[in-house]
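First comes the structure, then the notes that go with it.
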Amino acid sequence: MTKGWKIPYSVVGSRVGPEELAAVGEVLKSGATLSGGDHRTAFERAFRDLVGSRHALTVTSGTVALELATSVLDLRPGDQVIATPQTYQATIQPLLGRGLSVRFCDIDALSLNVDPRSVEEQITTRTRAIFVVHYGGWPADMEALMALARTHGLAVVEDCAHALGSKLGGRTPGSLADIGCFSFHSSKNITTLGEGGMITFDRDDWADRVGRMRSNEPDATFDEDDELRAFFTPTPGAVLEKNALSARCEALRRPGTNATMSEAAAAVGLVQLAKLDALVARRREVADAYRRAIEGIEGVRASCPVGDIRHAYHLFTLFVDPATGIDRNRLVSYLREVGIEVQLRYFPLHLLPEWRAQGHGPGECPVTEKVWFEQQVNLPCHPSLTHADVAYVCEQLVAGIAASRRRSDSRGSGPATAPA
Ligand SMILES: *Cc1c(COP(=O)(O)O)cnc(C)c1O
């Protein structure tokens with residue numbers, strides 16, 4: 001719900017305009033296929049070049065990308081996967097229902113990325129993979145994680161849903177581990193008409209497999225010795241007959257799906273990709289203004305990296321230190337009352353019912369729990385915010401923090417009169 005907010009959190013994380021409209025119009029007027037055509041190929045090629053992966057395949061959502069990633073890893077019942085508890089539930093939803101066990105590692109209290117030391121503590125002889133998120137657009141410590149993965153023979157999946165436009169030491173998330181999964185949902189850094197995703201990796205055999213799985217596995221290999229051959233005279237190269245004929249190739253098949261991105265969506269994706277640098281630059285300006293506004297205020301800090309990291313600021317996360325008397329919940333109420341739609345993201349996964357049903361629960365990830373329940377607030381951070389919007393948030397933030405400090409004479413929450 002964004003109605004009534006002076007500064008909404010944003011339902012569209014990008015900016016769409018006449019260029020996107022024109023791209024959709026061209027596709028519709030062309031008379032060419034609306035599914036699986038030249039725009040999809042061009043979008044995938046541009047994405048591959050940007051990320052620096054050998055392959056990039058479009059799919060219909062980030063969730064589907066994560067499902068396909070889980071499939072190609074061939075995880076078996078009893079295998080263990082280490083995952084971050086601080087992310088959107090889609091990151092590890094595909095791990096449910098496969099007989100896998102998930103071990104949640106804890107996170108770093110500033111970046112909210114997985115803490116490599118905590119990951120290491122969770123590794124056992126049954127561990128097969130690590131699922132990490134570049135939280136909010138701040139790339140995780142991939143050097144430490146990949147060193148662990150190599151030592152223990154683990155696969156690493158990067159959930160890059162927030163990370164498009166970020167950099168780690170000049171390198172691009174999505175090419176830093178075995179598989180990258182991107183989302184082009186309405187709220188993300190770029191969008192392909194509201195829904196869409198991309199999966200990136202280097203392996204050619206996975207390109208073949210993912211390519212088949214996302215399109216109901218056409219062209220399954222025809223087996224010449226098939227016993228049904230006696231009943232048909234196949235036309236050489238006829239895909240339909242091959243599939244109909246080949247009883248044995250049926251047995252080689254894996255479950256597929258249809259996750260084909262439409263041509264209109266891919267055409268919009270191409271336009272959006274060209275705007276990516278400008279969109280992320282604006283996110284970074286907004287973040288910088290927020291960071292400067294809270295500089296020097298006791299007990300408040302922001303999720304801002306130092307060093308050779310380009311944060312994409314999909315999220316701007318602020319932390320208050322309750323030990324200095326600031327009540328996070330009071331700050332949230334204050335900001336909402338003055339029309340700023342702040343959010344708490346994301347409820348720790350190990351406390352969700354589906355994971356509690358698997359034996360997880362409170363106390364498992366102390367840093368994650370403390371940050372979520374006492375410290376963090378997400379401010380609106382997106383390219384459509386104006387300078388006036390940002391100035392208003394900065395001003396109210398400073399006033400809100402002052403009003404949220406526990407004092408012996410204070411009564412309840414709510415906007416206080418801003419100090420002169
Ligand atoms: C949005 C998101 C997803 C899922 O992407 P969809 O395209 O919405 O399916 C996965 N992981 C994270 C961290 C996300 O924010």
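Counting starts at 1 for both ligands and their atoms, in listed order. In this chain, numbering begins with 1 at the start of the sequence shown.
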Backbone or side-chain N or O of Ser183 under 3.5 Å from ligand 1 N or O: yes
Backbone or side-chain N or O of Ala161 under 3.5 Å from ligand 1 N or O: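 No - when backbone and side-chain N and O of Ala161 are compared with those of ligand 1, no distance drops under 3.5 Å.
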Top protein contact for atom 15 (O) of ligand 1, by heavy-atom distance: His162 NE2, 2.8 Å
Heavy-atom nearest neighbour in the protein, as seen from atom 11 (N) of ligand 1, with distance rounded to 0.1 Å: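 Checking every protein heavy atom, the shortest distance to atom 11 (N) of ligand 1 gives Asp159 OD2, 2.6 Å.
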Just jot down the ligand 1 atoms closer than 4.0 angstrom to any heavy atom of [X], in number order.
X: Ser61; answer: 7 (O), 9 (O)
X: Thr87; answer: 13 (C)
X: Thr91; answer: 11 (N), 13 (C)
X: Thr63; answer: 4 (C), 5 (O), 6 (P), 9 (O)

Would you call [X] and [Y] a salt bridge, using N to O less than 4.0 angstrom?
X: Arg117; Y: Glu121; result: no
X: Asp79; Y: Arg128; result: yes
X: Arg209; Y: Asp74; result: yes

Residue pair Arg45, Asp49: steps toward the salt bridge (charged side-chain N to carboxylate O under 4.0 Å, His left out) verdict: CA-CA 6 Å; Arg45 189 176 302 136; Asp49 291 347; over 6 Å; no
Near-ring test Phe184/Phe47, centroid separation under 6.0 angstrom: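 Phe47 vs Phe184: aromatic centres under 6.0 Å.
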Main-chain N/O of Leu176 paired with Arg171 side-chain donor or acceptor, under 3.5 Å: no
Rounded distance (nearest 0.5 Å) linking atom CG of Leu154 with atom CD1 of Ile82: 6.5 Å
State if [X] counts as touching ligand 1 under the rule of any non-hydrogen atom under 4.0 Å.
X: Tyr346; result: yes
X: Lys188; result: yes
X: Gly196; result: yes

Distance-only side-chain donor-acceptor flag, Ser183 / His185, under 3.5 Å: no
